[in-house]
Every structure is written in C-alpha cells, then in structure tokens.
Amino acid sequence: MFRKKLLILILLGFTFLSYSQKYTISGHITDAKTGEDLTGVNIYLKSNNQVGTTSNYYGFYSLQLPQGAYELVFDFIGYETQVITVDLQANIHKNIHLQEKKEQLSEVTITSRIRKRNVKTTAMGTHRISIKEIANVPVLLGEKDIMKVIQLLPGVKPAGEGMSGFFVRGGNIDENLILLDQAPVYNASHLMGFFSVFNSDALRDAKLFKGHIPARYGSRLSSVLEIKMKEGNNQSFHGEGGIGLISSRLTLEGPLVKDKSSFMVSGRRTYVDIIAKAVTSDEDLDNSIFYFYDFNLKANYRFDDKNKLFISGYFGRDRFGFDEGNSKLRFSWGNATASVRYNHIFNDKLFSNTSLLFSDYNYLIKLEEKGRYHFFFDLGAKIQDISLKNRFNYYLNDKNKINFGLEITHHTLKPGVFNSSEIVPELGNLNLASRYAYESALYVSNEQKISNRFTIYYGLRYTNFLHMGGAEFRKYDADGNVLFSKDYKRNEIVKAFNGLAPRISMSYALDNKQSFKLAFDKTYQFLHLMSNSTSSNPTDVWMPSSLNIPAQYSHQGSAGYFRNLKDGKYEFSTEIYYRTMKNVVDYKVGAQISLNPEVEKDLIYGQGKAYGIEFLLRKKQGKLNGWISYTLSRSLKQFDAVNNGKWFSATQDRIHDISVVANYKLSNRSELSAVWVYYTGNAVTFPAGYYAINNRIYPYYSDRNGGRMPDYHRLDISYTLHNKPGKKFRSSWNFSVYNAYGRLNPYMIYFEFESNYDNGVVTNTKLRPVQITLFRWVPSITYNFKF
Amino acid sequence: MKNIMIAFVFIVTLVSCEKYVDLDLDELQPSLVPEALVTNDAAVSFVKLTMSHGFTVPDDYYQRITDAQVKIMDNQGNIINFTPDSEGVYRTTQNLIPGTEYTLNITKDHHRVTAVSTMPEQIVLTNFKRVTHQSETYLDLYFADDPDTHNYFYIKAYELNGGTYYLTHRTLINDFYYDRQTQSLRIDDLFFYGSSSTSYKIELYHITKETYQYYSTLNDASDVYGGPFSISVPGNPNTNTSNHIGHFATATVSALEKTSLD
C-alpha cells in the first residue's frame, strides 16, 4: 500500500515539470587557492533566492533555468560570495573557484545547512562540520579530534569519559556507520577509545546524518558519519603539523600536475612510551611498548572537466606489549582502508561516481611463555570488506534532483583465528569458523520542490544480505540446544535477508526565516558488534546476521522547527523524534563473548525504543560565537529474559544532555574557547547486597541497569595565540585545560568491602561503592604550524 | 622538549583517583542461600546454608544456618533427610544414585527453598601423574570421556602435608575446549607452585551443565562496576533454586589417591 502511494506521489511530482524552453548551467566548484572540490555550496538566483541548488559531494552542481539572463550567486560559508552573470541561450558548463575569506578566526564553521537554506532544505538531523572548527575546541590532551566535536551536538552522546565512540539518538555505538572517503571504518579508536583514528590535519570535513538518512546510505540503524579527507592542494606545495604532549603530526600536500592533479600525505605518531621511558627509571617501562601511529594518503587526477579519479587510503595501528620473565606479550590492532573513486559527468544533468572500496580491521595477540613447555599462541580476529558502489545524480530540472545507485559488498569476518604451539593441541578448538556475506543494495530518491515553500524528499532503499557458507553452522533454540546442524559449502546460502527501507522528509517554509520539517526513516543492520563494553575495545568482534541472529531494523519519525534570527547571525532548531528498534542483541548473564564458537546461543534478542527532543541555538558570527545544545531523551530496552521482561534503561539512557561551546576572539592574534558539558549518569547494574558461596563473597544484583552513575559535568578551556605570521610560515600555540574545575567525574564504579579494625579485629564492615575518576585538571600545550 | 616531559609527568600525577561515594541503592532483603552438592558418595555430599545480606556486613556473615529442615526427594518419592554436623554442614549417610532426578527442600521459619537436579552418570578418573619442570610441579589427569557428548567437570586436588590432605586446587572443566578424540581427557593445568609434596588426592566430579554454568558465571558476573570496560554483563547467575540465589548441584565423584610420587 505504501509503495503504491509513493508511486503516485512520484508521478504527481512529475506533473510539476515545466515544458518551456530551459537550459542548464553546470560545473565544478573548487577552492581557488587549493583547487579542492567544495561540497554543499549554495547556488541561487540573486533575484530570487528560492531558485537554486547545492553542489554535491564532489563539488558538482547543475541548475536548470528558463532561457534568459541571470545573476547567479555562489555562497559558501568561510568563502567570499561570488556573483556571476550568465546569459542562458544554451547549456553552459562553468567551473567556479571560490576565494577563502581572509578573516576566519571569528567564524564558527559548523553548520547544519548554512544561512537561509538551513530552513529550506529537507535535511533533518544533519550536521556538517568543517575541520577548521576543531582547531579551537578544547579537547583532552590537546589532540584535536572530530569525533569529540560531534559529541557536542544535540542527540549525540559520548560513550564515556574521553571516549571517541558515541551514541546517537538512543542507539548503540555499533549502530553508527563511519565512512572515511566512503570506506567503512569498523573500529574508529586508538588507545582503548581515548583517541579516534582520524588525524584532523588530513581531513577536510564531516557530515553526520542522525535523523533523516538519505537512501544512498544503509547498513546501520542510527547514524552515518561521512568523513572526507583533504584532496591536496593542486596549486602549490604546503605543509602543516603540530607538536603536542602525546603525539606529533605532519601533513604535506601539493600539485603533482598543476591544476590537474594533487596529493596529500599525512602521518601521526604518539610518543608517550618514549617520554615515559626517558623520565622514569621503571624497568617495566623499559620492557614495554605502547604507541599508535597512522597514515593518510590521497591523490587525485582530473583528466578533463568530465572525468576525475581519486585514490585515498588510511593505515593505522596501535601496538602494546611487554616482556616479563619468561613471558612475552605483543598486542596490535588497527584499520586499513582504501578508496578508488571515479567521477564521470555524462552530460550537464547526469553525474556519476563509481567507487571501489576496501576496509580491514584486525587485531593480533601473540603470547610466548617459556615455562614447563615452550608455549606460545597467536590469537586474532578480523573483519574485511570489499565494495563496489555506483552512484548517480540526475538533475532532472530545477525542481527534481534524482539520486540512484547500486552497491555490493563482500564481508569477510574472522571472529577468532588461533594458532598455538603443538604441545597444547586442545586449544586448537578455539579456531572459529570464518563468516562470509554479500550485502547489496539498490536505491532511488528524489528531492522535489513542490513550491517555493514546500520541498519533499522521498527515497527507497532495497537491501539484500546473504550469509554464505564455508563451515558448519548450527541453529539453536532459546535454551541453547542445537535444533539442527549443517555443513554449508562456500558458495551456498546459509540465510538470506531482504529489507525495503523508505526514507521520506519534507520541509515547509513559513517564510524566509523559519520552517517546519517532518521525516520518516527505516534502516536495517546486518552486522552486529559482539561487545559488552560501551567503548571501542580492540578485541571487539563483529558477527553477521545468521541462522540465529536476526536482522536489526529501526523506524524513526521526527519533526522539527528551524528558524534563523537576526539576519542569519543566530540559528535555532528543535527536533522531536521517536524511534523503535527491533531484534536488538544482548547477552545472557555471564555469556562468554570472545573466542566462543557457540556465542550465538548466548545471545538474546529484544526491542528498543528511544524518544526525545533536541534544541540547538547557534551564533555563527561576531567576536563571540558558538552554540548551546540541549537534549531531553530516553532510551529503553526490553528482553524477555531480562528483568522479567520489563522495559529497562539502556546504558546510554542519559536523560539530560547539555553542551555549550563558546569561542571568543580576544584580538587578531588570540582566541579563548570553552566547552561545558553536562549529562545524566549512565544507567548501570549495581549490587543490592551480597552472599557467600564456598566461603567467598559475591554481589547480588538488582535489576539490569537499575542504578545510575552520578551526573557528569566538565568545563574545558583553551587559549590560542597566533605568532606573527611570516611570509610563508604561520604558527600558533594552543594551551588548554581539560576539566578545568576539577570535577571528580565517575569513569567507573566498583564495590569493595570497607572494614574498620580494632587491634587487628574487624569491628565493622560495609559494602561500599568506589568511584574511579580518570581525568582531573589535565593541561596540555600544542604547537601548530603551517607553511 | 624538556618542558614537554615535565608537563607529561605533571599530567600523570593529576589523572586518576579513587574515592568512596554514596549512591542511592536498592538493598537486598535477607534470603536463604543454599550451597548444595549431593553425589553418589555420601562422604563428600553436603548442604551448606547461609543468609544473604544488604550492604552492612554482620560479624557472623559466614554463620551457617543450623536450624533448618533439609531433605532431598527422588523421583520415586523417597525422602533423604540431611542433618547438621558439628560444623553446621548438613550431611547424609546415604549414597545417591546416578541418573536420578532429585528435589531439594529447605524450610526455615518463613523461608522455603526448592530446587531440582538430575545426577549425571559416573566418569572414572583412571590415572594421574606428577610432572616437575624446574621448580614447578604439575599434575596430569587422565579419565575416559565420551567424545560424542559434552561433559563438565569439577576437580578438587589435595596435597598431603604433615599427615593431612589440604585442598589446594579447585577447577572447572568444560571438555568442549579439549581434544576428546582419544576418549582419554588429559588435564595438564593443575599447577602447584613450590610444591614439595609427593602425595596427592584427586576428586573428579562429573557435574551438570547447569552447575558448570552457575559456577563459571558466578565469578564472571561479579564484575561490579559501571565503567566502559565491563568484562561481562553484571547479573546474578542462572540457578535452579526457587529464590534465585545459591545452587543445588548433583554430581558423581571418582577419587584417586597416590603417594610417594617421584
């Protein structure tokens, strides 16, 4: 029924087509200084700003207009607005080069959709983040991190103190699709989650879709974070870098062939281990290693105005290890991604991008012990994707922008790869079967301008997921008993899943300053993270939907009010949402998750719901700028096997969440920035008492997530001083304090028996909660430079 | 660079601290906690009873309950009474029968607990060997194990010291993680640090899957904090008692004693 209605809507939409003589102006929009493509540039008629379009991900734009002469405005925040005059007597191809504004320091460059268009577009729950903004926001240990800035947006919550993982609108951390130049990143964390894998110097911008997710994206329930690497300056050679307390970084970029081709290469390495060894005489440190590094590489080649090739990659790794007596441990983990993308413009209306993508996350633990036996083992796991995606943008006319495409991904999941010395052959059983799957999708969408006030987006995404054979798979009942077992051949389908996901949003502009928006989305997820933790752990393992694990799916409805104030200096938005999530995965009590060949029988499946209201007030210009966001929300789960089937708070059920971000320009050379965050403590399971078994004491737990951590709040401050710029060299010092007023925020709480003694005799003992605080008054200093 | 090092040391001294906090917590009402193991050998069968507590720990928190009525009934309706010995442990003189379903009944004042368990068949411990390597001592155990079924074991190892056997090791074994193709399961991870004893006694308990899961999750699930790196989901282990606390285990036991080992 729904599909029928959608079809009617599409047909009705095309009745709005005008048959008068029209021509198209199209081309690429680039940064005049660097030659990089500019995404999301507003293009509109000077005489009527209701008529216009935006540049796509690759900077391509196409606008169809009736025959005639026009003044066309190209407007992009952070850049000088450019107005061109065109006489449309035929189709025109026109590339635009925008000049960056010289005064950047006072301008916060985060924007949902810029200026007046933010009230007109159908996009809801969408935030675009320019990397320039990250430089000013104070962060832990001065390591600027796009993932930390995202957590300051409404509806987005950090996974924990200092963590780069995040929750979006009540979803788990594995429900966020993180893309780096279109390639998925499965574990976006370094150092147990305290730093993200994204070196900000190598990035251009990021876009978070948390409410309305366009039909071109799938695979995750809650959000899509699309991160774009810098393309590299195709005009001249430049570099930038920084020296911080825990790491240093260097980025170089320049033309390979001027105007046609450029490269960017960026590297980063931590040196906590080197410094720690230098300043202490601890022998344990001498025998240990702990550091991470990463590299970003990108190159592009513009064959002509219609053909462009991009090649980019990321490689990063954490290494940890120590030697102690006869034991030697080495533990490493990391991601590798590669993207090859080819843009082709068929004509002034049809743009395509073909991508070949590779992503790999793996970890490896090597332990060697020379005791009774010369014992050693290698233990690892990995997830690897190879994808082919073809996307098309068809600018049918000035009222209809059609996107369609198809994609296929081959997933390889190795949940446990184990090799051990021959002397312990019994451990060979822990070599877990690899899983293979194909995930393919077909989608089409149209953004249709019904009138100057009313715009509607409608899209449909069909996904097919095939869990393939190659091993013996078992089907279990709810009690974990084997219902049947079968040895599937490598190319035999073990289980097939299909999903049809409609994506609809609409915007009604009350006037030029305010609009109402509505959105409805359905999303599917076929890969599931096996983890008890709320942070990203190196040993996290992904599992595909299978004979036992159903596909997760989510419905989300949202409504919003958007308003610009004081001629666009202030931007206000509020969004209300309600989500349901089906087949949410959790674990039986005491389930062993890693290295368990029968982990699927320890899983339980339930449902979730999340609802809330978000407010965002942003000041974009002036000496003082920044934003305030507030989210009032709930996130609940229900499993038949937990809490007697009652709904309970999800870990991320933080009812109140406030972020205040402020930047103040003190002078032309100095700025002061501050961040204040407050949120309700996590829902956790605490003991309600204790009992003794076998002369040992054990806690007796109350309901799952029946307790609350204390509320969290923190103020971070940073001061940036720009040195006098040289002819080519510019530098600055950044001083910051994380948790400036020293709030003892809970990182974790455990329980221990506190005893009082009298002459060695226990007089009084109580079971008491002990709070661990990780970071209090953490100062940092970073030196940044550019040439 | 020197300044950076000083700053780093400064950071390390500032981060991470621990303190007791007061939280608004639900408190558990006192409840009977049975810890029962009944076997085909009455000498090693027992039922221990204690009470659970809230957050305040009384002096006698290990105090055993000795005034309860404890009995076990088989699926034929036969009743076996357990009576407390001098240490407050309920015992019987009757050996129970493998393959039989037993129901535990405990009554004390207004507290009443029931639990059901079926005793597994016996698996015989055929041999064990003492192995030394440098200063380390290990015991290798051998027993017949059907490769076509999953079996679970609880092993208690005693060392003779001064004329008395002392319990020095207890371990749970899931044979899924061992090579059962030889039908002789070798457990070689009983490690006796600095042991000089030459006499050992081993008790091999063939336990139920439920008992294995109860005891193996008891420790895992006691990961009591709310931080991001929780090892497992905190929760009470699944058990067969009607008040969801404590456990009633049935097992068959096979014991072997060796003295004057090299």
Side-chain angles (χ1 to χ4, degrees), chain A residues 159-160 163 193 245 275 278-279 371-372 425-426 429-430 532-535 537 587 589-591 682 684-695 698-702 704 706-707 709-710 744 747-751 753-754 765-779 781, chain B residues 4-5 7-11 14-23 25-28 31 33 35 50-57 59 61-62 131 133-134 136 138 176-179 186 213 216-218 220-222 224-238 245-247:
Chain A
M163 294 287 153
L245 278 185
I275 294 175
V279 298
R372 176 190 177 189
E426 61 268 24
N429 270 354
L430 297 179
N532 276 331
S533 167
T534 57
S535 73
N537 282 343
Y587 310 95
V589 170
N682 279 1
V684 286
T685 308
F686 284 137
Y690 68 94
Y691 58 100
I693 291 283
N694 225 344
N695 290 335
Y698 295 93
Y700 185 87
Y701 292 98
S702 57
R704 172 84 64 93
M709 300 276 265
L744 292 173
Y747 177 68
M748 62 173 75
I749 286 178
Y750 70 92
F751 282 71
F753 288 96
E754 182 197 27
T765 302
K766 283 200 84 169
L767 187 63
R768 293 201 62 188
V770 183
Q771 174 183 299
I772 293 181
T773 298
L774 267 197
F775 302 114
R776 191 181 186 193
W777 298 310
V778 184
I781 177 170
Chain B
I4 290 175
M5 286 182 187
F8 176 76
V9 174
F10 183 57
I11 289 164
L14 287 176
V15 301
S16 189
C17 69
E18 287 188 25
K19 67 167 187 173
Y20 285 116
V21 288
D22 292 314
L23 301 172
L25 300 165
D26 294 333
E27 191 158 2
L28 176 67
S31 181
V33 184
E35 183 189 348
T50 52
M51 295 297 287
S52 66
H53 301 279
F55 293 106
T56 303
V57 183
D59 293 341
Y61 69 100
Y62 277 136
V131 182
H133 176 77
Q134 296 172 353
E136 297 165 352
Y138 300 84
F176 182 83
Y177 297 108
Y178 291 81
D179 179 9
R186 175 183 158 184
Q213 287 178 334
S216 60
T217 58
L218 194 62
D220 293 344
S222 61
V224 208
Y225 60 75
F229 294 113
S230 284
I231 295 162
S232 69
V233 178
N236 303 312
N238 289 327
I245 189 166
H247 187 68

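Proteins come first, then strands; the chains are lettered A, B, ... in the order of their sequence lines, and each starts at number 1. Scope of the values below: all heavy atoms of this structure, side chains included, with no hydrogens, waters or symmetry mates.
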Greatest number of heavy atom pairs closer than 4.5 Å to chain A - which of B/Ile245, B/Asn238, B/Asp22: B/Ile245

How about B/Phe55 and A/Tyr690: do any of their side-chain heavy atoms sit closer than 4.5 Å? no

Taken to the nearest 0.5 Å, the spacing of A/Tyr700 OH from B/Ser31 OG works out to 7.0 Å

For chain A, which candidate among B/Lys19, B/His247, B/Glu27, B/Gln213 shows the most heavy-atom pairs at distances under 4.5 Å? B/Lys19

Verdict with supporting geometry, B/Val21 and A/Val770, side-chain contact (heavy atoms from CB on, under 4.5 Å): CA-CA 6 Å; B/Val21 288; A/Val770 183; over 6 Å; no

Over all heavy atoms of both residues, which pair between A/Leu744 and B/Cys17 is shortest? Give the atoms and the distance, please. CD2-SG, 3.4 Å

If I take atom CG from residue B/Asn236 and atom OH from residue A/Tyr698, how far apart are they, to the nearest 0.5 angstrom? 13.0 Å

Measure the NE2-NZ distance between B/His53 and A/Lys766 for me, rounded to the nearest 0.5 Å. 14.0 Å

Rounded to the nearest 0.5 angstrom, the CG-CD distance for B/Leu23 and A/Gln771 is 8.0 Å

Between B/Asp26 and A/Ser702, what is the shortest heavy-atom contact and its length? OD2-CB, 4.4 Å

Report yes if some heavy atom in the side chain of B/Glu18 is under 4.5 Å from a heavy atom in the side chain of A/Tyr747; otherwise report no. no

